2 protein chains.
Amino acid sequence: MPNNQFKKGELYSFITGKASTAIARRLQKKFNSSGLNLTIEQWSVLYHLWKQEGISQQELCNATFRDKPSITRLVDNLERLNLVKRVPSENDRRINLIYLTKPAQKLQEETMALAEETLNEALETVPTEKVDVCKEVLQIVYDNLK
Amino acid sequence: MPNNQFKKGELYSFITGKASTAIARRLQKKFNSSGLNLTIEQWSVLYHLWKQEGISQQELCNATFRDKPSITRLVDNLERLNLVKRVPSENDRRINLIYLTKPAQKLQEETMALAEETLNEALETVPTEKVDVCKEVLQIVYDNLK
DNA sequence: TTTGAATAGTTGTATAAACAACTATATGCC
DNA sequence: GGCATATAGTTGTTTATACAACTATTCAAA
């Protein structure tokens, strides 16, 4: 039994993700204004490397929900920016382990602060309990479809 | 006063829009499986034209939350697919009015059904009242940032 | 009526995503 | 050991997005 929760006019934003597009754009502008030469997508890769570096490109694929060619090219660009370095694994020569450079380590604090700032702007006036419900629903959606 | 509702691990999905990415991918796969040669982005333009055709590219920009070059190229591609037609406005020669072709009119029912199907899969097991809260929050986020 | 600003749309360039096809390496089974 | 298969990563191609710079047209004010 389909639950048909969407009237026509509402279906659109949910599919196109206007809210997350708006968040990403705002954060990108903050990066640009701060003179950070970094895309949101590049930042999202660094985000996972800050949590744990020395992981493989495949692990970055899983973490960032991207396919292998996308990660290959993001790592290409991050390497050109001197933010990460591919290091061939010694155990398995198919694998590249990705490590952060010094400049990348320095970016963490500033960019995370801008990200939090952006989310606070986005969620201004939204009560915490509604934010919690929203996070929960989006997680379920992701789990249902991934 | 920042409300700091996001612990580090949760901040990521909100910014990257993993849920809407998953929805869009699932819908794209349904299009492909049905032999529909149409991207989600192209569909999102048709979506607004089905509601009202004969609008300008600028109005499509506003409706779809895209900039002018993006719409120029989407309309280029839709025209190549013989789904829309640019008609110069008679009142204002700067303006192109965008009209649907016969083939595009025929796509509405099938694609909207696939979109609803996708959302039902995405929201399976989510109670209606939580979906409502989620929609409300995403709308506020969009309004806060747009 | 002319001229300067605003608006509509296009083009160039860089980055990114999806998909298919490819290479190289590792694994597992006979 | 040798061969089929799986896995990790790369490359080519198409489509889309963002930004800047551009053309054409309209509008409004001096």
Side-chain angles (χ1 to χ4, degrees), chain A residues 16-18 20-33 36-46 55-81 83-84 86-98, chain B residues 16-18 20-33 36-46 55-81 83-84 86-98:
Chain A
T16 57
K18 289 209 299 187
S20 59
T21 303
I23 292 173
R25 275 190 208 166
R26 173 68 62 95
L27 180 55
Q28 182 70 66
K29 281 193 207 309
K30 284 181 193 289
F31 282 2
N32 298 343
S33 302
L36 297 171
N37 179 26
L38 191 70
T39 68
I40 300 304
E41 294 81 2
Q42 291 164 358
W43 172 83
S44 80
V45 172
L46 296 181
I55 63 179
S56 69
Q57 295 188 195
Q58 182 58 54
E59 287 171 309
L60 280 175
C61 292
N62 302 337
T64 64
F65 196 40
R66 290 182 169 88
D67 69 359
K68 290 191 291 176
S70 295
I71 289 296
T72 291
R73 277 139 182 162
L74 280 171
V75 172
D76 286 349
N77 287 340
L78 285 166
E79 226 174 12
R80 270 196 275 131
L81 290 168
L83 293 174
V84 306
R86 285 176 166 98
V87 178
S89 163
E90 301 196 344
N91 307 329
D92 185 336
R93 298 195 319 181
R94 292 171 302 181
I95 294 179
N96 292 332
L97 301 177
I98 311 300
Chain B
T16 56
K18 290 209 299 186
S20 59
T21 303
I23 292 173
R25 276 189 206 164
R26 174 67 62 94
L27 180 55
Q28 182 69 67
K29 281 193 208 308
K30 284 181 192 290
F31 281 3
N32 297 344
S33 303
L36 297 171
N37 179 27
L38 192 68
T39 69
I40 300 304
E41 294 82 2
Q42 291 164 357
W43 173 82
S44 80
V45 172
L46 295 182
I55 63 179
S56 69
Q57 294 187 199
Q58 183 58 56
E59 288 170 309
L60 280 174
C61 293
N62 302 336
T64 64
F65 197 40
R66 291 182 168 90
D67 69 357
K68 289 190 293 176
S70 296
I71 288 297
T72 291
R73 275 137 181 162
L74 280 171
V75 172
D76 285 348
N77 287 339
L78 285 166
E79 228 175 9
R80 269 197 275 130
L81 290 167
L83 293 174
V84 306
R86 284 176 166 99
V87 177
S89 163
E90 301 197 344
N91 307 329
D92 185 337
R93 297 197 318 183
R94 294 171 301 183
I95 294 179
N96 292 330
L97 301 177
I98 311 300

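The structure presented is a predicted model; accordingly, all values stated were derived computationally and were not measured.
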Considering all heavy atoms, the nearest A:Gln57-A:Val75 contact: OE1-CG1, 4.3 Å
Nearest-angstrom distance from the residue atom CG of A:Asn37 to P of D:dC19: 13 Å
Shortest non-hydrogen contact between A:Val84 and A:Glu79, atoms and distance: O-CG, 3.3 Å
Stretch residues 22-32 of chain A: residues that reach within less than 4.0 Å of DNA chain D through a heavy atom: A:Arg25, A:Lys29
Boundaries of the DNA chain C segment in contact with chain A, non-hydrogen, under 4.0 Å: C:dT15 to C:dA26
Base D:dT7 paired with A:Arg94 side chain (donor-acceptor, <3.5 Å): yes
Closest contact, heavy atoms only, A:Ser20 versus B:Ser20: OG-OG, 3.5 Å
Side chain proximity check, B:Thr21 to B:Thr16, heavy atoms < 4.5 angstrom: no
Between D:dT26 (P) and B:Gln58 (CD): distance, integer Å: 16 Å
Flag side-chain contact, heavy atom, 4.5 Å: B:Arg86 against B:Asp76: yes
Separation of atom CD1 in B:Ile40 from atom P in D:dA16, rounded to whole Å: 10 Å
Residues which pass side chain to side chain contact (heavy atoms under 4.5 Å, CB included) with A:Asn32, listed by chain and number, not counting sequence neighbours: A:Gln28
B:Glu59: side chain to side chain contact (heavy atoms under 4.5 Å, CB included) partners, not counting sequence neighbours: B:Ile55, B:Ser56
Atom pair distance, as rounded to whole Å: CZ in B:Arg93 and P in D:dC27: 12 Å
Sub-4.5 Å side-chain heavy-atom contact between B:Ser70 and B:Glu41: no
A:Arg94: partners by salt bridge (charged side-chain N to carboxylate O under 4.0 Å, His left out), with sequence neighbours left out: A:Asp92
Sub-4.5 Å side-chain heavy-atom contact between B:Leu38 and B:Leu83: yes
Between P of D:dT7 and CG of A:Asn91, the distance in whole Å: 18 Å
Touch class at under 4.0 angstrom, heavy-atom based, for B:Asp76 against every strand present: nothing
Close residues, residues 62-73 of chain A, relative to DNA chain D [heavy-atom separation under 4.0 Å]: A:Lys68, A:Pro69, A:Thr72, A:Arg73
Any side-chain heavy-atom pair of B:Gln42 and B:Phe31 under 4.5 Å: no
Under-4.0 Å side-chain N/O to phosphate OP1/OP2 contact, A:Asn96 with D:dA8: no
